[in-house]
Amino acid sequence: MSDQISDRRAKLARLRTLGVEPYGGRFTGITSNAALRARGEQLNIEVGQVREEPAAQARAAGRVVLYRDIGSLIFMTIRDWTGEFQIGLSKKMLGDRAEVTAGLEQRPVRATGAEATASAADGGGADDGAAVAWKVAKLIDLGDFVGVDGRLGRTKTGELTLWADRFTILSKAVRPPPEKWHGLTDVEARYRRRYVDLFANPASRDVFIRRARIMDYMRGVLRERGFIEVDTPVLQPIYGGAAARPFQTHHNTLDMDLFLRISPELYLKRCLVGGLERVYEFARCFRNEGISPRHNPEFTMLELYQAYGDYHDMMDITEALIAGAARDVIGTLQVTFGGRTIDFTPPWPRRRYADLFATHVGFPLTDVAQARARARQLFEQKHLSVDERKADDEVVINALFEHYVEPHLVNPTFVVDYPAALCPLTRRDPADPSRALRFEVFASGMELGNAYSELNDPQVQHETFSRQLRGEEGETMAVMDEDYVEALEYGLPPAGGLGIGIDRLVMLLTGSGSIRDVILFPLQRPERTT
RNA sequence: GAGGGCGUAGCUCAGUCGGUAGAGCAACGGCCUUUUAAGCCGUGGGUCCUGGGUUCGAGUCCCAGCGCCCUCACCA
């Protein structure tokens with residue numbers, strides 16, 4: 001047991017002997033720190049002045065992040081999720097205003113006859129209120145939550161300050177916060193105790209606020225375009241819609257093996273069969289694969305489907321969602337990521353898969369012999385895991401595409417005309433059935449999204465499900481799903497579908513180098529193995 | 001999975017050639033009515049990730065393990 005924790009527990013007890021409950025309840029009528037600052041500026045307060053008019057009176061609450069005790073004068077910097085603000089307590093001022101210092105009323109959490117939380121002055125006279133408030137302020141530690149009623153003023157050094165007339169503690173932190181200047185920098189600690197990271201590092205907190213705003217923005221765009229948000233199964237008897245190893249689990253009552261979804265695709269398209277013409281889902285997906293700065297075992301994908309549309313409509317929506325989010329949430333279409341500037345200004349270039357291949361690999365993808373030779377070489381140098389001797393042509397070619405082409409796609413780029421064999425859920429190009437009506441969108445060398453003109457011919461679907469590409473070692477989209485084919489037999493309207501990796505998008509838009517920096521609680525091995 | 005790096009006080013970090021474990025912040029005691037990472041005086045605080053080994057002696061060297069990070073591979 002650390003000494004600091006014992007010290008703080010001792011203060012907890014002293015607060016209770018003063019009649020103050022250190023874990024308070026409801027506290028209403030708070031003005032946020034950002035709003036206090038705005039109001040303070042508006043009042044044109046002179047240096048050294050404390051204002052008395054009603055507009056200068058306010059209530060604040062927050063976590064104490066700095067504490068400066070000057071004897072008969074205490075300054076605290078409190079932090080809420082809008083920013084920081086200074087509160088000041090003057091022993092003399094509290095005494096002079098004893099009639100208002102009678103403590104802060106705290107309503108009980110429940111109205112069901114529960115006793116009101118003790119306030120600083122309960123059972124005491126006004127004088128006691130001031131004295132108790134002062135004693136409470138002296139017992140404050142960094143990290144405590146406090147509540148203040150006061151008047152806005154400006155100190156001699158010009159700092160906007162809420163001068164306390166009433167003061168109370170709202171929650172005692174018995175563990176000390178990280179160092180006030182550096183915050184919490186240890187990466188492992190930041191992930192394991194994200195709650196500390198969030199309050200100690202405002203930049204971290206802002207990433208998650210922006211993540212939420214990006215998703216809000218996208219919901220707004222989709223709502224305007226007539227989409228509805230749906231929830232489809234995470235637990236699936238057959239996994240599909242992507243190529244990935246799944247997590248497996250078991251339902252006891254049904255005595256049935258289930259998979260955590262690797263994609264929501266096949267269920268969302270069933271919605272279209274049912275006549276829900278525009279649907280989307282922010283789908284948590286699970287893939288039992290490696291962890292890297294760009295891969296987390298669970299991640300969030302926005303997936304959407306639009307009846308009567310095609311993949312060109314999906315390009316339009318992709319630009320609207322991503323460029324719009326950048327503009328709306330980040331305030332710019334040019335973001336810096338990994339030392340490079342990425343320009344999200346639409347329209348984004350469309351590039352053919354075959355052209356990009358020829359440019360960056362150095363020979364046309366029709367030269368299968370050369371592709372195999374190159375892949376063999378990379379495999380032997382352990383730069384590629386695909387063994388061309390065990391893989392079909394398209395798999396070999398795509399491995400080279402990923403290796404050579406993707407790193408070059410820095411600015412947002414739509415890659416089109418994918419080999420149909422790689423796309424078992426995609427409609428074929430009527431002009432050339434070897435190509436699929438699909439695009440993938442890349443930025444900063446990362447795949448950000450994937451879209452199709454959806455395959456709605458049940459017979460073709462049945463065939464592609466039956467054909468398993470070699471070289472994918474069980475990670476194939478072509479898992480036969482009879483129930484899904486049956487759904488198609490009822491009629492899937494022509495449709496465009498799109499998936500966007502939300503975590504990666506948030507990385508790009510917030511300049512976060514690792515996917516773990518945009519996931520609140522990334523998976524970690526247990527800290528204590530004992 | 002392979003390679004590399006890191007792990008020391010609550011936090012941020014030093015620790016030389018192998019010789020009794022250090023600083024700042026935080027904490028504790030004291031002073032202070034205008035501080036801004038407040039200041040000044042004083043004090044306490046360690047499973048040096050874990051377990052072995054080498055050595056008279058290990059935070060330091062060696063081995064194994066654990067955790068985290070990075071690179072590569074994987075991830076259509």
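Below, chains carry the letters A, B, ... as their sequence lines are ordered, and counting in each starts from 1.
- Pro293(A) comes within 4.0 angstrom of sugar-phosphate atoms only, judged by non-hydrogen atoms across all strands, and of no base.
- Nucleotides rA9(B) and rA27(B), compared at atom C1', are 11 Å apart to the nearest Å.
- The side-chain tip of Arg63(A) points at the ring of Phe199(A) from less than 6.0 angstrom away and within 45° of straight on.
- When heavy atoms are screened at a 4.0 angstrom cut-off, Asp186(A) is found touching the sugar-phosphate backbone but no base atom.
- A side-chain donor from one of Arg374(A) and Tyr404(A) sits under 3.5 Å from a side-chain acceptor of the other.
- Salt bridge annotation for Glu281(A)-Arg261(A): present, with a cationic side-chain nitrogen under 4.0 angstrom from a carboxylate oxygen.
- Nucleic acid contact for Arg8(A): none, since no nucleic acid atom lies under 4.0 Å from a heavy atom of the residue.
- Relative to the side chain of Arg438(A), the nucleotides rC74(B), rG67(B), rA76(B) differ in distance, and rA76(B) lies closest.
- Between rU8(B) and rG15(B), the distance separating the two P atoms is 14 Å to the nearest Å.
- Remark: Lys92(A) engages Asp96(A) in a salt bridge, criterion side-chain N to carboxylate O under 4.0 Å.
- The ring pair (Phe, Tyr, Trp, His ring centres under 6.0 Å) test with Phe414(A) singles out one residue from Tyr353(A), Tyr311(A), Phe439(A), and that residue is Phe439(A).
- Backbone-only contact: Gly183(A) has heavy atoms under 4.0 Å from sugar-phosphate atoms and none from a base.
- In this structure rG39(B) sits in a base pair with rC31(B), meeting the Watson-Crick or G-U test at under 3.5 Å.
- Base engagement by Gln86(A) is indicated by at least one non-hydrogen atom pair under 4.0 Å involving a base atom.
- Of the nucleotides present, rG24(B) is the one that pairs with rC11(B) by Watson-Crick or G-U wobble criteria, both distances under 3.5 Å.
- Nucleotide rG3(B) is matched to rC70(B) when pairs are restricted to Watson-Crick or G-U wobble geometry with both distances under 3.5 angstrom.
- Taking every side-chain heavy atom of Arg516(A) into account, rC69(B) is the closest of rC74(B), rA76(B), rC69(B).
- One C1' atom belongs to rU60(B), the other to rC49(B), and the distance between them is 15 Å to the nearest Å.
- Among the nucleotides rC25(B), rU33(B), rC68(B), the one closest to any side-chain atom of Leu73(A) is rU33(B).
- Aromatic rings from Trp81(A) and Phe208(A) are positioned such that their centres are separated by 6.0 Å or more.
- If you take atom C1' in rG57(B) and the same atom in rG19(B), they sit 7 Å apart, rounded to whole Å.
- Nearest nucleotide to the Tyr191(A) side chain, out of rC72(B), rU34(B), rC69(B): rC69(B).
- Put simply, the side chain of Gln4(A) and the base of rA26(B) share a donor and an acceptor less than 3.5 Å apart.
- For rA58(B), there is no paired base (Watson-Crick or G-U wobble, both distances below 3.5 Å).
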Exercise. For Ile87(A) and Thr161(A), what are the C-alpha separation, side-chain angles and deciding distance, and is it a side-chain contact (heavy atoms from CB on, under 4.5 Å)?
Worked result: CA-CA 5 Å; Ile87(A) 61 177; Thr161(A) 300; 5.6 Å; no
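- Contact annotation for Thr185(A): backbone-only contact, meaning every heavy-atom pair under 4.0 Å involves sugar-phosphate atoms and none involves a base.
- Along RNA chain B, the nucleotide nearest Leu66(A) and the nucleotide nearest Phe75(A) are compared for position; the residue whose nucleotide lies closer to the 5' end is Phe75(A).
- Side-chain contact of Asn450(A) with Arg438(A): a donor-acceptor pair under 3.5 Å is present, judged by distance alone.
- Nearest-nucleotide mapping onto RNA chain B: of Leu142(A) and His182(A), the residue sitting toward the 5' end is His182(A).
- Side chain of Glu188(A), nearest nucleotide from rG67(B), rU35(B), rU34(B): rG67(B).
- Separating the NZ atom of Lys382(A) from the C1' atom of rC72(B) is a distance of 12 Å, rounded to the nearest angstrom.
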Every protein N/O within reach of nucleotides 3-7 of chain B N/O, cut-off under 3.5 Å:
none

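- Closest approach to the Asp7(A) side chain among rU35(B), rC28(B), rC69(B) is made by rC28(B) (side chain taken as heavy atoms from C-beta onward).
- For Glu159(A), taking side-chain heavy atoms from C-beta onward, the closest of the listed nucleotides rU35(B), rU34(B), rA27(B) is rU35(B).
- Side-chain contact check for Arg68(A) and Gln86(A): at least one donor-acceptor pair (N or O, by modelled atom type) lies under 3.5 Å.
- Judged by Watson-Crick or G-U wobble contacts below 3.5 Å, the nucleotide rA64(B) has rU50(B) as its partner.
- No contact: Ile74(A) has no heavy atom under 4.0 Å from any strand.
- Nearest nucleotide to the side chain of Leu384(A), out of rC74(B), rA27(B), rU33(B): rC74(B).
- Residue Leu184(A) is in sugar-phosphate contact alone, with no base atom involved, counting any heavy-atom pair closer than 4.0 Å across all strands shown.
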